[in-house]
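Reckoned from all heavy atoms, side chains included, excluding hydrogens, waters and symmetry mates. Every chain is numbered from 1, with letters handed out A, B, ... down the list of sequences.
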Amino acid sequence: MKFSEAFIFTSKDVPSEATLPSHIYLLKGGFIQSVGAGLYNFLPLGKKVLDKVHAVVKEELDTAACQEVELAFVTPSEFWIESGRFEKYGKELLRFKDRKDAEFVLGPTHEEMMVNLVRSYVKSYKQLPINLYQIKTKFRDEIRPRFGLMRGREFLMKDGYSFHKDEESMIKDGFNKMEETYSNIFKRLGLDFRVVEADSGAIGGSGSKEFMVLADSGEDTIVVCEECEYGANIEAAVRANPKAPHEVNSEYERPEMNFGKFLTPNVKTIDELAEFFKIEPYYTLKVVAKKALYDDGVEKIALFGIRGSDELQEVKACNAVNANELIDISDEELQEAGLTPGFMGPKDLPEDILFVADNQLKGEISTIAGANEVDYHYVGLNLVELGLEYKDLVAVKEGDKCARCENGKLKYTKGIEVGHIFQLGDRYSAPMKAEFLDENGKSKPFLMGTYGIGISRLLAAIIEQNHDDRGPIWTKESTPFDLEIIVSNIKKEEELSLGERLYKELSKDFDVLLDDRKERFGFKISDFELLGIPYAIIVGKKVKDGLVEIVNRKTLEKEEVSIDEVASKVRGYLV
RNA sequence: CGGAGUGUAGCGCAGUCUGGUAGCGCACCUGGUUUGGGACCAGGGGGUCGAAGGUUCGAGUCCUUUCACUCCGACCA
């Protein structure tokens, strides 16, 4: 491609709302154009990168025996009603009616469509396993799109779905195979990433892992172990059971108070309680109150009991009570329900209040907890006698011990979620009656896996991880052009003709951009840096001495080479 | 959805407080000079000031309504 003929418009200015490097450079370099909240046009450069990423993903998936399909973007709402998600998905699902008043949704993900497709053809276990995918525009009416391609409303996603006859196949042929395939994809794209344990969220199902590109600008907090390979999204992270203060430090003693219901006037917070009894917060029980929202507008008050030294992890809490969402609740609402903010506890609760205790309180026979009565706490409360429900509720903190190796310290880091794989089981196939006949002639729902990659988000992720203060630095498999040839001054006949000769020759094997614009050198080299192409050949002043230069975009180093050698030298760098 | 803010030329902004008929930089067009780190000179084109209504002799500026967008928090590839 000749730059003088290309639809490439770089800019020195950038809309002030762009804050992330990826957003800034994609706009400045003329890769994308913003057209509305979370909506972008891909210009030729952006489209080229998109296609490169697309190609890598397709190649690896096809190698893993996945087959590409393309499903309708406009999907009849009946499938969504069948799966139960029509109600559940909420406002993110864009719904509309056609002229005949039939209801449709714009596909935000395609489980329903894919289940419908497979159930209409596959009838026998002999036809399994199957793994189908598509790379297609999705639409999610996000509450708050932001950060350019990082969180758009319309975006390009690879979504794949596998169908299996049993759990073993679902894990081995589906989940594990995709974990490996995804790792290959992100490696090829040159990304530094981590596979982490994840919460399954709204899509449902059991096991799930996320592929996180490590970057400070990431929206997700992930917990990683300093010693072993353990990594998890903060929403799903677990830790080794922390030791009690008296087990760690002989200066402390385990409090052995047993006062029953005890007057604690105006002692409301954990800090006050610990101070009042002169003990560590570990020996107290903290209650966090939330309002849990369910289908059809049902609301319940949910209380979560954790150690005074811990923090509640809201996603875990939400899953623990099977709610669609947890929201904050006011003291007034709690009082109306017969609760006593500041003195809430697991014993003597009013009716209709959900109470879940954290796993790490299991077996606790002496703690201090609110008595559900103003100014009173139970001291020496035995939780075992209460028959509580236990779930994992706590947020892992930096410095906690790893549950896997029981040795390493856990720390936080930031990540961009570029891939997510789930074991779905029969979450969709059962309600949608997608069944096959097994070896015994018995009808069973398919067991499924679902696998996503944010293709357009990957462009942003690649830049977040690969840029300097002049622009992006595309990786080998993502760059819009392999090489740029800069003709320093097109009015110098020997420069222009050499540039064109090299361009012709190298274009046989590479995708080359020839900057033949009537601009000054400085202008062109800055554009090269802003486009982020890995290498450039500068054809300039020294042509008369038989020399040109090769620039490495990453290091910005220039290397003088003779005209005769340049083609073979560049080939060496590019292959 | 809560909080904050912005809509003026393709982009970035000033002008709004204190009403008097729209300006700067970049980009674009023409001519010339220049040519290794985003050049210079001269000339030129382009805006019903987000929209609607109101106050006024007169509104980018004041009032009302409305729409859109952005930023910070709860959701997600």
Side-chain angles (χ1 to χ4, degrees), chain A residues 9-20 23 27-28 30 33-39 57 89-93 108-110 135-160 182 198-203 208 210-213 219-220 233 235 290-291 293 314-315 318 324-328 415-422 450-461 470-471 486-492 495 517-530 538-543 548-549 551 556 558:
Chain A
F9 299 96
T10 59
S11 157
K12 268 197 270 189
D13 295 316
V14 72
S16 47
E17 68 263 17
T19 53
L20 288 191
H23 194 186
L27 289 169
K28 279 184 77 169
Q33 179 193 31
S34 162
V35 282
L39 303 175
V57 172
Y89 215 102
K91 288 188 184 147
E92 240 175 70
L93 190 61
T109 169
H110 272 167
I135 295 174
K136 195 172 172 81
T137 297
K138 300 288 183 297
F139 190 89
R140 293 183 191 175
D141 203 354
E142 291 276 350
I143 305 167
R144 181 151 131 64
R146 62 183 123 177
F147 302 142
L149 295 186
M150 205 77 100
R151 174 167 308 287
R153 288 194 293 174
E154 186 180 305
F155 57 99
L156 191 63
M157 180 167 101
K158 173 266 164 178
D159 49 320
Y182 275 31
D199 171 59
S200 304
I203 295 178
S208 108
E210 289 167 334
F211 291 76
M212 291 286 185
V213 168
E219 291 188 83
D220 289 276
N233 193 304
E235 296 171 353
K290 294 280 172 184
K291 198 191 288 180
L293 307 184
E314 210 163 299
V315 173
C318 187
N324 294 340
E325 196 185 345
L326 290 184
I327 57 173
D328 290 342
I416 301 165
E417 182 187 351
V418 292
H420 202 159
I421 58 177
F422 292 88
T450 179
Y451 319 97
I453 294 179
I455 304 282
S456 44
R457 177 181 283 178
L458 267 173
L459 305 208
R470 302 183 183 192
I486 300 173
V487 176
S488 179
N489 183 350
I490 60 162
K491 285 196 175 162
K492 300 252 168 75
E495 291 184 20
R517 293 175 301 172
K518 193 185 150 205
E519 296 288 351
R520 309 179 118 225
F521 176 77
F523 190 90
K524 295 183 183 180
I525 191 90
S526 317
D527 265 359
F528 159 70
E529 285 157 358
L530 184 54
I538 301 173
V539 179
K541 271 183 171 173
K542 288 172 184 149
V543 167
V548 293
E549 286 163 290
V551 195
L556 296 174
K558 293 174 186 165

Work out how far the [atom1] atom of [N] is from that of [M], and round it to whole angstrom.
N	M	atom1	result
U8(B)	U55(B)	P	27 Å
A4(B)	A42(B)	P	48 Å
G47(B)	G15(B)	C1'	14 Å
U48(B)	G2(B)	C1'	36 Å
G46(B)	G10(B)	P	12 Å
U64(B)	C72(B)	P	29 Å
A77(B)	A68(B)	P	27 Å
C63(B)	U70(B)	P	26 Å

Between [atom2] of [N] and [atom1] of [X], the distance in whole Å:
X	N	atom1	atom2	result
Lys518(A)	G31(B)	NZ	C1'	10 Å
Ile490(A)	G36(B)	CD1	P	14 Å
Glu519(A)	G38(B)	CD	P	13 Å
Met150(A)	C71(B)	CE	C1'	16 Å
Arg520(A)	C40(B)	CZ	P	9 Å
Asn489(A)	U34(B)	CG	C1'	10 Å
Ile538(A)	G37(B)	CD1	P	11 Å
Leu458(A)	C76(B)	CG	P	20 Å

Would you mind classifying the nucleic acid contact of [X] as base, sugar-phosphate or nothing, using non-hydrogen atoms under 4.0 angstrom?
X	answer
Lys558(A)	base
Gly452(A)	nothing
Gly30(A)	nothing
Gln33(A)	nothing
Glu495(A)	nothing
Asp159(A)	nothing
Glu210(A)	nothing

Q.
So, does Arg517(A) get its side chain near the phosphate of U35(B), meaning an N or O under 4.0 Å from OP1 or OP2?
A.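 Looking at the OP1 and OP2 atoms of U35(B), neither is under 4.0 Å from any side-chain N or O of Arg517(A).
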
Q) Between Arg144(A) and U70(B), does any side-chain N or O lie under 4.0 Å from OP1 or OP2? A)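 False: Arg144(A) side-chain N/O out of range (4.0 Å or more) of U70(B) OP1/OP2.
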
Q: Determine, answering yes or no, if Phe523(A) is stacked on G38(B) under the 5.5 Å centre rule and the 30° plane rule.
A: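 Aromatic stack with G38(B) absent for Phe523(A).
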
Q: Flag as yes if Phe155(A) stacks onto the base of A77(B) (centroids under 5.5 Å, planes under 30°), otherwise no.
A: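 Here the ring of Phe155(A) and the base of A77(B) are stacked, with centres under 5.5 Å and planes under 30°.
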
Pairing partner (Watson-Crick or G-U wobble, both distances under 3.5 angstrom) of [N]:
N	answer
G73(B)	C1(B)
G31(B)	C41(B)
U6(B)	A68(B)
C57(B)	G20(B)

Q: Would you kindly compare Ile455(A) and Arg153(A) by the position of their nearest RNA chain B nucleotide and give the one closer to the 5′ end?
A: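 Residue closer to the 5' terminus by nearest nucleotide: Arg153(A).
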
Q: Could you pick out which residue, Arg146(A) or Lys491(A), lies toward the 5' side of RNA chain B when each is mapped onto its nearest nucleotide?
A: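 Nearer the 5' end of the strand: Lys491(A).
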
Atom [atom1] of [X] and atom [atom2] of [Y]: how far apart are they, to the nearest 0.5 Å?
X	Y	atom1	atom2	value
Glu154(A)	Glu142(A)	CD	CD	13.0 Å
Phe528(A)	Leu556(A)	CZ	CG	8.0 Å
Arg151(A)	Leu20(A)	CZ	CG	11.5 Å

What heavy-atom pair brings [X] and [Y] nearest, and what distance separates the two atoms?
X	Y	answer
Gly540(A)	Glu495(A)	C-OE2, 3.4 Å
Arg146(A)	Glu219(A)	NE-OE1, 4.2 Å
Pro108(A)	Met157(A)	O-CE, 4.4 Å
Ala461(A)	Val418(A)	CB-CG1, 3.8 Å

Compare the minimum distances between each of [options] and the side chain of [X], then state the nucleotide with the smallest one.
X	options	result
Lys12(A)	C76(B), C26(B), A39(B)	C26(B)
Ile143(A)	G36(B), C75(B), G38(B)	C75(B)
Phe521(A)	G38(B), G37(B), C76(B)	G37(B)
Glu92(A)	C75(B), G37(B), G36(B)	C75(B)

Could you tell me whether the side chain of [Y] reaches within less than 4.5 Å of the side chain of [X], counting heavy atoms only?
X	Y	result
Asn233(A)	Met212(A)	yes
Ile490(A)	Lys524(A)	yes
Ile135(A)	Leu156(A)	yes

Close N or O pairs between protein and nucleotides 7-11 of chain B (under 3.5 Å):
none

Q.
Could you check whether the side chain of Arg140(A) and the base of C76(B) have a donor-acceptor pair of N or O atoms closer than 3.5 Å, going by distance alone?
A.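 Checked by distance alone, the answer is no.
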
Q) Would you call the rings of Tyr182(A) and Phe211(A) parallel, tilted or perpendicular, where under 30° means parallel and over 60° means perpendicular? A)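 Judged by the thresholds at 30° and 60°, the geometry between Tyr182(A) and Phe211(A) is tilted.
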
